[in-house]
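Everything below concerns the one structure shown next.
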Protein chains: 2
Amino acid sequence: MMNVSERLTRHARIIKDVDLRALFARDPKRGERLWLAFDNWRVDYSRHAVTDETLELLNQYAQTLDLNHWISALFSGERLNFTENRAALHTALRQPNDTPIMVDDKNIVEEIHAVKTTMRKFSEAIRIGLWKGATGKPFKTIVHIGTGGSYLGTRLICDALFQKGNMDVRFVANLDHHALDRALTGVDPESTLLVIASKTFTTEDILVNAKEACNRLAAAVRDVARVHSHHVIAVTANIKAAQDFGIPDKHILPIWPFIGGRFSLWSAVSISLALQSGYPVFEELLSGAHAMDEHVFNTPIEQNIAVQLALLDWWNSTFLARRERVLVPYAHTLGFLPEHVQQLMMESNGKRIDWYGKKLSANAPSTRPIFGGVGTTSQHTFFQWLHQGMHNAMLELIVPIAVNGHAQRIEMPAHALAQAESLMNGSDHLFAATYEPSSEETLRAARVCVGNTPSTVFLLPNLNAYHLGALLALYEHRTFIESILYRVNPFDQFGVELGKNLAPILKSAMMGQIKLDEEDTDSATLTAVDFVKKYWKG
Amino acid sequence: MMNVSERLTRHARIIKDVDLRALFARDPKRGERLWLAFDNWRVDYSRHAVTDETLELLNQYAQTLDLNHWISALFSGERLNFTENRAALHTALRQPNDTPIMVDDKNIVEEIHAVKTTMRKFSEAIRIGLWKGATGKPFKTIVHIGTGGSYLGTRLICDALFQKGNMDVRFVANLDHHALDRALTGVDPESTLLVIASKTFTTEDILVNAKEACNRLAAAVRDVARVHSHHVIAVTANIKAAQDFGIPDKHILPIWPFIGGRFSLWSAVSISLALQSGYPVFEELLSGAHAMDEHVFNTPIEQNIAVQLALLDWWNSTFLARRERVLVPYAHTLGFLPEHVQQLMMESNGKRIDWYGKKLSANAPSTRPIFGGVGTTSQHTFFQWLHQGMHNAMLELIVPIAVNGHAQRIEMPAHALAQAESLMNGSDHLFAATYEPSSEETLRAARVCVGNTPSTVFLLPNLNAYHLGALLALYEHRTFIESILYRVNPFDQFGVELGKNLAPILKSAMMGQIKLDEEDTDSATLTAVDFVKKYWKG
């Protein structure tokens with residue numbers, strides 16, 4: 001008697017060679033059946049290499065994993081991040097009610113709600129001009145200084161929800177001084193507020209920019225002390241470091257160890273959204289995310305959108321050797337979504353070590369590279385490769401019919417669906433030849449699109465704060481479910497430490513403060529350090 | 001007697017399992033030897049799985065391809081784009097001298113130089129305020145409307161070369177109306193000039209935005225005719241269509257069929273750079289590109305930087321099964337480089353059909369996905385996956401010591417080199433445990449970075465217009481040489497047509513103007529069209 005996993009493997013051998021067009025030919029109505037619902041969304045997965053038997057087997061496999069247990073453990077604050085002995089409680093940030101969640105004998109829901117009250121007060125006071133700069137001017141510009149998790153998610157939601165007349169929010173994430181220079185171009189320092197967001201308040205990228213930004217503002221408002229006292233909000237889990245920086249206690253908003261960087265857009269890091277769009281928009285975002293939390297918590301796996309999409313990803317990458325995940329939102333306002341999801345999935349599940357400390361085998365399921373860009377712009381960059389290149393990619397299209405209550409141009413969904421259709425159906429001939437052919441058959445072959453590329457299409461009637469919140473929460477839950485399928489801890493990120501720790505040593509060597517030799521590093525690094533030293537004029 | 005290709009295959013079986021650290025252990029000075037020069041650059045490739053024997057074999061193989069013949073054919077205007085019966089003459093755009101190049105009995109160098117003279121005159125007249133808007137105001141803002149090739153390259157160079165005090169240039173590429181809305185936010189229509197760049201002047205994305213932009217300006221300057229006559233420069237190979245649009249002849253700058261979209265940043269499409277930074281900066285960019293052209297044309301393959309890097313890419317992807325190409329410029333100003341190179345390489349060589357009309361086999365060399373992002377920001381997104389994830393990636397780091405004549409923060413090259421070093425050398429343990437371990441060995445394993453990830457490091461003393469031009473031309477030539485190794489035509493892009501042609505049909509169906517049934521398309525498309533129809537309120 002084979003177990004489910006073995007039956008999946010055997011089944012995959014058959015499905016692997018089946019063309020998507022053959023699946024539609026055999027079952028012409030599958031497009032009407034194979035979709036997932038959440039609210040008024042329609043998430044179409046009929047263009048994947050799955051049959052009813054596949055879905056049956058995948059769901060049976062999911063049953064063996066006891067997913068309900070894991071999902072409950074996540075929501076209730078069990079220490080799933082076992083390598084750091086911590087819970088991962090981003091779901092608590094969007095819990096609207098007061099039901100307590102205890103971490104180290106403290107009810108964190110109370111703390112979270114208290115911080116939200118402060119966020120509301122701060123954003124109201126600043127937006128109506130009650131909280132003013134040191135010289136008495138109301139704030140007009142917010143400069144958000146953060147990186148990684150304290151930057152990307154918040155930048156995404158600010159960009160997605162920006163409306164005419166909103167406050168101007170600019171972001172500084174890069175250690176390169178050009179990032180700050182450009183963010184400060186044309187701003188009036190007297191009416192500029194800095195949001196300094198850093199979980200540890202030790203990240204070099206953030207602190208270097210934060211200090212420099214305070215100095216630039218100081219030139220206009222007399223001294224740095226007045227900048228610190230009037231022009232800065234800090235968001236951090238390291239209150240002490242923010243105090244030492246010079247920021248008054250009452251302007252420091254806490255985050256917590258149980259919120260991973262890539263999940264921190266739901267925390268006070270997004271004070272910048274509340275400042276830009278008003279606090280109620282942030283609340284609406286949270287309520288959409290909470291609705292998705294409820295769905296994931298309460299829905300049986302067969303209808304559970306996070307579980308089903310995770311199983312599909314797993315099936316594609318593990319059994320069908322699909323590799324590249326290409327994410328294309330057909331909305332200019334979702335320009336940062338591919339990068340955010342890249343961070344979320346590749347930082348969470350970009351691991352080689354399983355729960356038991358064992359190396360995953362080369363053929364093990366794993367997080368494939370994720371990249372993308374917005375439609376329609378991307379149709380002119382990498383879509384040629386999707387249509388005619390050598391790849392084994394799968395596509396995910398996010399297609400809002402309206403954005404923030406306003407209809408998109410009808411051309412946007414039309415292009416999205418045209419891509420999904422033609423990537424599957426391909427073409428024998430594209431259009432009549434209009435030139436002198438040197439050899440007709442060669443030229444005809446050059447025009448063939450092979451098709452058979454799978455895609456998932458998200459049809460979203462209206463992408464506003466609520467639905468954006470739900471969408472982002474869905475990507476988080478899907479990442480979590482995948483981590484269970486891959487058997488890795490999605491909540492640590494030890495890989496980012498190594499290079500970070502080495503950089504200051506190389507910097508000292510480049511500045512001639514220390515000397516490195518072959519005992520310390522390799523000849524490629526030594527010669528490169530010498531090269532920089534020669535040209536660097538500080 | 002084996003031929004070179006067979007010897008490479010046999011050699012690869014040995015190299016495949018050799019760890020990069022072992023190569024350095026065996027040959028500790030390889031970092032001092034294995035690099036390529038151009039001008040004052042140092043391009044280090046010592047962290048690739050190559051030995052002297054590998055390089056010897058690769059160069060022998062290159063000899064068999066008669067690369068000199070192909071490079072000469074490119075420069076002299078042979079119809080290498082044989083499926084469209086056209087030359088690919090982007091190199092002619094940067095030729096400084098008058099040596100004629102004939103296309104269809106016309107000396108195109110003469111035409112190119114005449115257009116450059118017009119670009120210089122236009123940009124001077126606009127920058128000093130001689131050419132004014134319809135109401136007599138000098139121009140302050142340029143809105144560049146284009147997409148794909150008529151957008152991305154020009155956006156990249158404008159962003160990379162922007163200096164304080166330059167003219168404000170904004171870009172509109174997406175068909176989504178938010179792109180135009182946001183570009184026009186806060187601009188004074190009376191002092192806004194539109195650059196409408198479209199090779200065909202039929203691309204929907206561009207024309208929809210161009211018409212809408214003219215209408216918005218018209219509201220401020222009385223009527224659309226005055227917008228067309230005073231506020232628009234068109235760049236196109238379809239002069240007639242631009243005239244029909246309403247643009248006066250004297251404001252239409254030509255481009256030519258022999259310039260592919262992804263190579264058009266060297267053409268009048270970059271009038272926007274001349275407007276932003278002044279015409280001499282555009283000339284400096286061209287002269288850097290020309291210097292690279294000369295290098296590629298004149299240098300023996302062993303020192304030819306384009307040939308060597310193409311061979312390395314080919315070796316990695318064909319023989320060592322390296323897949324993902326990850327491009328990370330350590331410069332905030334090069335934010336669009338990864339996307340530009342993605343377009344260049346994936347659109348050029350994203351093909352399945354060789355010169356003879358034959359399908360490439362599944363194991364054939366091919367263009368791997370290329371993605372990336374700027375350092376240091378990207379260190380917080382996908383670098384975790386590079387350090388600890390399951391992948392077979394190779395990294396390319398662009399490391400300028402100064403940008404536009406000003407020193408970068410020394411932390412920037414320090415971080416870049418720290419990443420290259422640690423991605424190769426990995427770690428056994430990252431740092432001392434600071435928490436309660438539940439099982440010491442599992443926790444230790446979770447911290448291990450496996451290393452052995454290859455990288456190429458570009459050390460560039462000063463990334464100004466000249467060196468940027470050379471760098472972008474290098475990526476073009478490398479793409480061309482790779483196309484010869486892959487035996488594909490890099491200059492067509494038939495794959496982008498299919499979805500583009502289908503979109504208007506789906507649009508009509510969504511608007512209820514036509515009715516589609518199962519004869520026309522599949523059930524996934526039909527149900528999605530119905531879904532959009534239900535929610536769309538135009």
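The chains referred to below are lettered A, B, ... by the order of the sequence lines, with proteins before strands, and numbering in each begins at 1.
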- Looking at A:A407, A:G372, A:A416, which makes the most heavy-atom pairs under 4.5 Å with chain B? A:A407
- Note on the structure: Checked A:G335, A:S348, A:A420, A:A445 vs chain B; the most non-hydrogen pairs under 4.5 Å come from A:A445
- Message: Tell me which of these, B:G373, B:P504, B:G148, has more heavy-atom pairs under 4.5 Å with chain A than the rest.
- Response: B:G148
- Message: Counting only non-hydrogen atoms closer than 4.5 Å, does B:I353 touch chain A with its backbone (N, CA, C, O), its side chain (CB onward), both, or neither?
- Response: side chain
- Atom pair NE2 (A:H387) and CZ (B:F494), whose distance is rounded to the nearest 0.5 Å: 14.5 Å
- Message: Side chains of A:H415 and B:E204: any donor to acceptor distance under 3.5 Å?
- Response: yes
- Message: Between B:W536 and A:Q408 (side chain of the first, backbone of the second, donor and acceptor by atom type, cut-off under 3.5 Å), is there such a pair?
- Response: yes
- Query: Can you say whether B:F371 sits under 4.5 Å from chain A via the side chain, the backbone, both, or neither, judging by heavy atoms?
  - Reply: side chain
- Choice from A:E411, A:Q493, A:K164 maximising heavy atom contacts with chain B below 4.5 Å: A:E411
- Message: Heavy-atom pairs under 4.5 Å with chain A - which of B:A173, B:P369, B:A528, B:S378 has more of them than the others?
- Response: B:P369
- Item | Contacting moiety of B:M424, where chain A heavy atoms sit under 4.5 Å | side chain
- Message: Between A:T376 and B:T147, does the side chain to side chain contact (heavy atoms under 4.5 Å, CB included) criterion hold? Intermediate values first, please.
- Response: CA-CA 9 Å; A:T376 57; B:T147 198; 5.6 Å; no
- Message: Among A:E32, A:E324, A:R33, which residue has the highest count of heavy-atom pairs closer than 4.5 Å to chain B?
- Response: A:E324
- Task: Before giving the answer on salt bridge (charged side-chain N to carboxylate O under 4.0 Å, His left out), spell out for A:D522 and B:R47 the whole-Å C-alpha distance, their side-chain angles and the decisive distance to 0.1 Å.
- Result: CA-CA 10 Å; A:D522 56 69; B:R47 291 193 190 90; 3.4 Å; yes
- Point-to-point distance, once rounded to the nearest 0.5 Å, from CG of B:L460 to OH of A:Y535: 10.5 Å
- Do side-chain atoms of A:Q388 reach the backbone of B:K351 as a donor and acceptor pair under 3.5 angstrom? no
- What part of B:R323 lies closer than 4.5 angstrom to a heavy atom of chain A: side chain, backbone, both or neither? side chain
- Let me know if B:W35 has heavy atoms under 4.5 Å from chain A in its side chain, its backbone, both or neither. neither
- Give a yes or no answer on whether the side chain of B:S523 reaches the backbone of A:P28 with a donor-acceptor pair at less than 3.5 Å. yes
- Message: Could you measure the distance from the CZ atom of B:F162 to the OG1 atom of A:T185? Nearest 0.5 Å is fine.
- Response: 6.0 Å
- A:L417 and B:M510, any side-chain heavy atoms less than 4.5 Å apart: yes
- Item | Contact class of B:Y151 relative to chain A, heavy atoms under 4.5 angstrom | side chain
- Message: Would you say that B:D205 contacts A:H380 through its side chain, given a criterion of any heavy-atom pair below 4.5 Å between the two side chains?
- Response: yes
- Note on the structure: Closest non-hydrogen atoms of B:L506 and A:A414, given as atom of the first, atom of the second and distance, are CD1-O, 3.8 Å
- Task: Could you tell me which residues satisfy side chain to side chain donor-acceptor pair (under 3.5 Å) with A:S46, sequence neighbours excluded, listed by chain and number?
- Result: A:D44
- Message: Quick check for you: to the nearest 0.5 Å, what is the distance between A:Q343 atom CD and B:T377 atom OG1?
- Response: 10.5 Å
- Part of A:F24 lying under 4.5 Å from any heavy atom of chain B: side chain
- Item | Contact class of B:A331 relative to chain A, heavy atoms under 4.5 angstrom | both
- Message: Keeping B:Q384 on the side-chain end and A:G350 on the backbone end, is there a donor-acceptor pair under 3.5 Å?
- Response: yes
- Query: Could you state the interatomic distance from CH2 (B:W385) to CZ (A:R352), rounded to the nearest 0.5 Å?
  - Reply: 10.0 Å
- B:R42 and A:T527, any side-chain heavy atoms less than 4.5 Å apart: yes
- Taking NZ, NE, NH1 and NH2 as the nitrogens, is one of them in A:E497 or B:R447 under 4.0 Å from a carboxylate oxygen of the other? no
- Note on the structure: If you tally heavy-atom pairs under 4.5 Å between each of B:A509, B:A393, B:A503, B:G261 and chain A, the highest tally belongs to B:A503
- Message: If we define contacts as heavy-atom pairs under 4.5 Å, which of B:W355, B:F382, B:F531 has the most with chain A?
- Response: B:F531
- Structural part of B:S508 lying under 4.5 Å from a heavy atom of chain A: neither
- Message: Looking only at the side chains, is there a donor atom on one of A:E339 and B:T381 sitting less than 3.5 Å from an acceptor on the other?
- Response: no
- Message: Once rounded to the nearest 0.5 Å, what's the spacing between atom OG of B:S427 and atom CG of A:L498?
- Response: 5.0 Å
- Task: Begin with the C-alpha distance, continue with both residues' side-chain angles, and end with the deciding distance and a verdict on salt bridge (charged side-chain N to carboxylate O under 4.0 Å, His left out) for A:E518 and B:K29.
- Result: CA-CA 10 Å; A:E518 280 168 35; B:K29 299 282 183 196; 2.9 Å; yes
- Note on the structure: Interface check, chain A: of B:E421, B:K358, B:Q419, most non-hydrogen pairs under 4.5 Å belong to B:E421
- Message: Counting only non-hydrogen atoms closer than 4.5 Å, does B:V450 touch chain A with its backbone (N, CA, C, O), its side chain (CB onward), both, or neither?
- Response: side chain
- Query: Which atoms of A:I410 come close to chain B, meaning under 4.5 Å heavy atom to heavy atom: side chain ones, backbone ones, both, or neither?
  - Reply: both
- Query: Does B:G375 offer a backbone N or O that forms a donor-acceptor pair with the side chain of A:N174 under 3.5 Å?
  - Reply: yes
- For A:V496 and B:Q379, work out which heavy atoms get closest and say how close. CG1-O, 3.7 Å
- Query: Given a strict heavy-atom distance threshold of 4.5 Å, which part of B:R182 is in contact with chain A: side chain, backbone, both, or neither?
  - Reply: side chain
- Task: Check B:C449 against A:G495 and note the closest heavy-atom contact, atom names and distance.
- Result: SG-CA, 4.0 Å
- Measure distances from B:N40 to the heavy atoms of chain A and classify the residue's part below 4.5 Å as side chain, backbone, both or neither. both
- Query: Between B:R409 and A:L175, is there a donor-acceptor pair closer than 3.5 Å when you use the side chain of the first and the backbone of the second?
  - Reply: yes
- Task: Kindly write out the residues that satisfy salt bridge (charged side-chain N to carboxylate O under 4.0 Å, His left out) with A:R30, not counting sequence neighbours, or none if the list is empty.
- Result: none
- Note on the structure: Given B:E347, B:K537, B:H406, B:H391, the one with more heavy-atom pairs under 4.5 angstrom with chain A than any other is B:E347
